[in-house]
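This report refers to the structure that appears directly beneath it.
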Amino acid sequence: QVQLVESGGGLVQPGGSLRLSCAASGAIFGIEDMAWYRQAPGKERELAAFITSGGSTNYSDPMKGRFTISRDSAKNTVYLQMNTLKPEDTAVYYCHAKIRPSRWTGYMDYWGKGTLVTVSS
């Protein structure tokens, strides 16, 4: 069974930095795109950044220039380096990945349970 487990969230002051990690484990034949989404209180979940299996990246406008997504394919792990954090970055951050559990299945969507990031003084 495939699992995505996030870590690295917490409380940080405005202007500070955090690095989120998400490790995929279980029956994994292949991983395609990996991404970070976030959901602020009272708002819908939104895409923060994604990275393809080839390493191409894309960011939503509020994150450009401040967030960096990366992955370690050998460790089945995706990272989100967040710099110059603002109070409006406060949200639960979710990891998402398209994973092929076996050679007999196609790619399926998997989600982590989320990690809370709070930006406050």
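Atoms considered below: every heavy atom in the structure, side chains included; atoms not considered: hydrogens, waters and symmetry mates. The first residue in the sequence is number 1, and the count goes up from there.
- Residue-environment remark: CD (Glu88) exceeds the threshold of 12 foreign heavy atoms within 6.0 Å.
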Full working for side-chain contact (heavy atoms from CB on, under 4.5 Å) between Val78 and Cys95
CA-CA 8 Å; Val78 63; Cys95 176; 3.8 Å; yes

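- Note that CG of Leu85 and OG1 of Thr90 are 8.5 Å apart. Values are rounded to the nearest 0.5 Å.
- Between the side chain of Ser60 and the backbone N or O of Met63, no donor-acceptor pair lies under 3.5 Å.
- When all heavy atoms of Ala49 and Leu80 are compared, the pair lying nearest together is CB-CD1, 4.4 Å.
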Return all side-chain donor-acceptor pairs below 3.5 angstrom for residues 109-120, not counting sequence neighbours, or 'none' if the list is empty.
unit_1	atom_1	unit_2	atom_2	d
Asp109	OD1	His96	NE2	2.9
Asp109	OD1	Lys98	NZ	2.9
Thr115	OG1	Gly9	N	3.2

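- The line from CD1 of Ile69 to OH of Tyr59 is 6.5 Å long, rounded to the nearest 0.5 Å.
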Expected list for residues 15-42: side-chain donor-acceptor pairs under 3.5 angstrom, two or more places apart:
unit_1	atom_1	unit_2	atom_2	d
Ser17	OG	Asn83	OD1	2.9
Trp36	NE1	Tyr79	O	3.4
Arg38	NE	Glu46	OE2	2.8
Arg38	NH1	Asp89	OD1	2.8
Arg38	NH1	Tyr93	OH	3.0
Arg38	NH2	Glu46	OE2	3.3
Gln39	NE2	Lys43	O	3.1

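- Pairing each heavy atom of Lys75 with each of Thr77, the nearest pair is O-OG1, 2.8 Å.
- For CD of Gln81, the number of neighbouring non-hydrogen atoms (other residues, nucleotides, ligands) closer than 6.0 Å is greater than 12.
- Taking both residues in full, the closest heavy atoms of Pro14 and Ser121 are given as CD-N, 3.7 Å, listed atom of the first, atom of the second, then distance.
- Taking 4.5 Å as the limit, every side-chain heavy atom of Phe50 sits out of range of all side-chain heavy atoms of Thr57.
- The side-chain heavy atoms of Arg66 and Lys86, taken from C-beta on, include a pair separated by under 4.5 Å.
- When all heavy atoms of Met108 and Pro101 are compared, the closest pair comes out as SD-CG, 3.9 Å.
- Side-chain heavy atoms closer than 4.5 Å link hydrophobic residues (I, L, V, M, F, W, Y) into clusters, and following such links, possibly through other members, connects Val12 to Met82.
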